[in-house]
S.K.: 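One structure follows; several queries about it will come next.
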Amino acid sequence: MVGGYTGKILKVDLTREKVETKNLDMDFARKYIGGLGFGYRMLWDMVKPGLDPFLPENPLMFLLGPLNGIIPGKLVVVFKSPTTCGVGVAFASGQFQAELKFAGYDGIIFNGRADNPVCLYIKDDLVELRNARNLWGKTTHETEEALKKEMRDPLIRVASIGPAGEKQVYFASIICDKGKAAARMGAGTVMGSKNLKAVAVRGTQGVKIENLEEFNRLFKAAIQKSSYNWKRFGSTQFIARANYWLDAYPHKNWQKEYDPHVIRTCDGPALELKHFVRRKSCFNCVVHCDAVAVVRSGKYACVTEGPEHEHVAFLSGDVDMHNSDILIYGTLRCDELGLDVISTGSVIAFAKELYQRGILSKEEAEGLDLSWENEETVLTLMEKIAYREGNLGNLLAYGSKIASEKIGKGAKYYAIQCKGTEMGGHGIRSRLDWTRPITFATGLRGGNHNEAAFPLGQDILMTENLLVVCIFSNAAVRYELLPILNAVTGWNIPEEEYYKIGERVTNVGKAFMVREGFRREHDIIPERFFREPLPTGVAKGATVDRELFEKELDEYYEERGWDKKTSIPTSNKLRELNLEDIDSELEKYRGA
Amino acid sequence: MCEVACSIKKERTINPEVSRIRVYPFHPEIEIPVFCNVCDDPKPCIAACPQSPPVISVNEKTMALKVDKEKCLGKDECGRCAKACPAKAIRFHPQGKYALICDLCDLNPACVGFCSALSFASETHPGQSYAKPPELVAEQLRKSIYYHLKTDV
């Protein structure tokens, strides 16, 4: 077996309660490398066009790349997304992914739907589906503790869904190791629709590396490069930067992109002073970007994994909330309930703005005071959404796109989402952050902020998703990834081919989107960014110019080799990337 | 990190299970690295070993323990040292049949080289005669870190 891979993929049929191991085809592995590459390709092969994401036929795939368990990595969860009805992708770091690799699997594919709640227990070759009726209804933290007690093993790693996933909230997440979320695009929703409560893994087998000396040398050199700021503040270091220098920090549902109060309350250094106890890391990482945060007294006393950039941006900035106790308690509750922080914060801010504009009346708010000043409603609404309580909670649980369609009355203008996924916390109007208008417009995953604004950049980021390495720890390892991959697998992939593989996978994903009906008119950003100039901050007055946006989009498609009118990949491009079978299937969409 | 460094040095693979140091997670948010604490004499693991002479021996120079991989019976046939260890620091190799005990890498530990939190005292530090189980350490840490919390988290 090639180093880095285990060569086995677990197939779990939940309807028939059958588990089988499938051998990994190494030619396939060489063509798509792993992680998202396997994910997009298998999604293309397995999903019929127009499939309802809530049906049992929608596959849920936990996939790994060749570098999981070797350098700091992530778990990638791939499925058809309930929010966008296109590709669904979510990443989770932590120890779970490494443990899955050590158990001897390159991935798990779930199919079908169990009649009763089940959980999957894996210990190396022993794989069993267990009854999880006693776990149903529990939060993710309780589930993990209960499973550890049940298995009498403190070292098992658990990925589970909370009440939000069980109740089919559209933006539910899968929580690994209590604090790491595969959050976006409704990963937990799909897992909940399969009646799968948790996956518990314990592995003892280890990973094989072809060239250990070379790997050791490269890795030791790479970890020396990790930066002080990352080690001390994690991603909260960017809050002040995004807010003051870049004018790209969400405030009041993106009415402003500058929040004057954040530096005293919820910025990295302020949180460190008041709440952070120590730093915490994922598997084999020197960066320790995660903090352990405590609220020492009062109503919100708790111990949890600290908030990161997106937590602060959406539970503090976007909803105009400046109480750091509530921020940290909210972070904990989001993890416990199994909610996606970005979408939850966005949806709450969306509801608050509707209330501000009078679109959502007092009766519709069910007695809640949704004004910006009332800070505690953030927590109340969060619970309501997760349990789908009342009409309001039920409505907001659909995510801002579907909710705005149900409300009507011009609510659509205030739903800040791309393709149905709420935007990540990096503004585009000031053009100072790395995100540009076309980043969100062309990203296959909708409002995904971890995307570049030009094709080659997207391909480079895509290669990192193929190895499924962590982008944060990657600040240290980024430039050594290809040599490390070659040392681990013993392949000798040259640089051009490596990026070509990234491009190939992007095109497979795009082809899937095309087949699901996504065209150029779906590559659009929220209307608000065209119409409203920034009211405050360093980039005051900036808006997105519509003509420039269309021109950038034209250039993007041209560089990608996609059709400008429809955004369908051209035949030449797909053949150049050895995707002949996909090309012939796309042919029937080209004429229409 | 420490587990990986240890398993690379000792077994030439990446596998935390064969590492001599193991990090146990406890609720809430406490992680305890568990490894051989080198108890005072008589050492419980050596006393428990049924072989004569015991397969676990003391290295005179480093004062650390050493396991004779060939003679050790392994978990299924014996496993007495692991039961005797007060720190629960002794585990067994999943494939090969021998106990995994930290030998301090001849005073140049691989784990310390990779970690910023671990530091290495070159002399066996006094005051601690017998090691403690990780649950107890976690409980003490919980009290010392989160003592001011009113709620029971």
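Computed from heavy atoms alone, side chains included, the values below leave out hydrogens, waters and symmetry copies. The model shown is predicted, which means the values in this text are computed figures rather than measured ones.
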S.K.: A/R279 versus chain B, heavy atoms under 4.5 Å apart: side chain, backbone, both or neither?
M.R.: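 Neither part.
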S.K.: Under 4.5 Å from any heavy atom of chain B, what part of A/T304 do you find: side chain, backbone, both or neither?
M.R.: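 Interface part for A/T304: backbone (N, CA, C, O).
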S.K.: Excluding sequence neighbours, so at least two apart, what forms side chain to side chain donor-acceptor pair (under 3.5 Å) with B/K66?
M.R.: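 Residues passing side chain to side chain donor-acceptor pair (under 3.5 Å) with B/K66: none at all.
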S.K.: What part of B/V18 gets within 4.5 angstrom of chain A, counting heavy atoms only: side chain, backbone, both, or neither?
M.R.: neither
S.K.: Counting only heavy atoms closer than 4.5 Å, note whether A/E305 contacts chain B via side chain, backbone, both or neither.
M.R.: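 When you check distances to chain B, atoms from both the backbone and side chain of A/E305 fall under 4.5 Å.
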S.K.: So does A/R217 pair up with A/E480, basic N to acidic O under 4.0 Å?
M.R.: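 Salt bridge: no.
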S.K.: Select one option (side chain, backbone, both, neither) describing which atoms of B/R12 are under 4.5 Å from chain A's heavy atoms.
M.R.: both
S.K.: Using a strict cut-off of less than 4.0 Å between a Lys/Arg side-chain nitrogen and an Asp/Glu carboxylate oxygen, indicate whether A/K148 and A/E144 qualify as a salt bridge.
M.R.: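 Salt bridge between A/K148 and A/E144, a charged N being under 4.0 Å from a carboxylate O: yes.
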S.K.: Need one label for B/E31: side chain, backbone, both or neither, based on atoms under 4.5 Å from any heavy atom in chain A.
M.R.: both
S.K.: Begin with the C-alpha distance, continue with both residues' side-chain angles, and end with the deciding distance and a verdict on side chain to side chain donor-acceptor pair (under 3.5 Å) for A/E376 and A/Y300.
M.R.: CA-CA 11 Å; A/E376 288 188 4; A/Y300 304 115; 3.2 Å; yes
S.K.: Under a 4.0 Å threshold between the charged nitrogen and the carboxylate oxygen, would B/R22 count as salt-bridged to B/E17?
M.R.: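 The answer is yes: the pair qualifies as a salt bridge.
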S.K.: With a 4.5 angstrom heavy-atom cut-off, could you sort out which part of A/I70 is near chain B: side chain, backbone, both or neither?
M.R.: both
S.K.: Under 4.5 Å from any heavy atom of chain B, what part of A/N216 do you find: side chain, backbone, both or neither?
M.R.: side chain
S.K.: Chain B heavy atoms under 4.5 Å from A/K101: which part of the residue, side chain, backbone, both or neither?
M.R.: neither
S.K.: Quick one: do A/K299 and A/D325 make a salt bridge, cutoff under 4.0 Å?
M.R.: no
S.K.: Carefully, step by step, assess A/Q95 and A/D177 under the rule side chain to side chain donor-acceptor pair (under 3.5 Å).
M.R.: CA-CA 7 Å; A/Q95 314 268 356; A/D177 305 321; over 6 Å; no
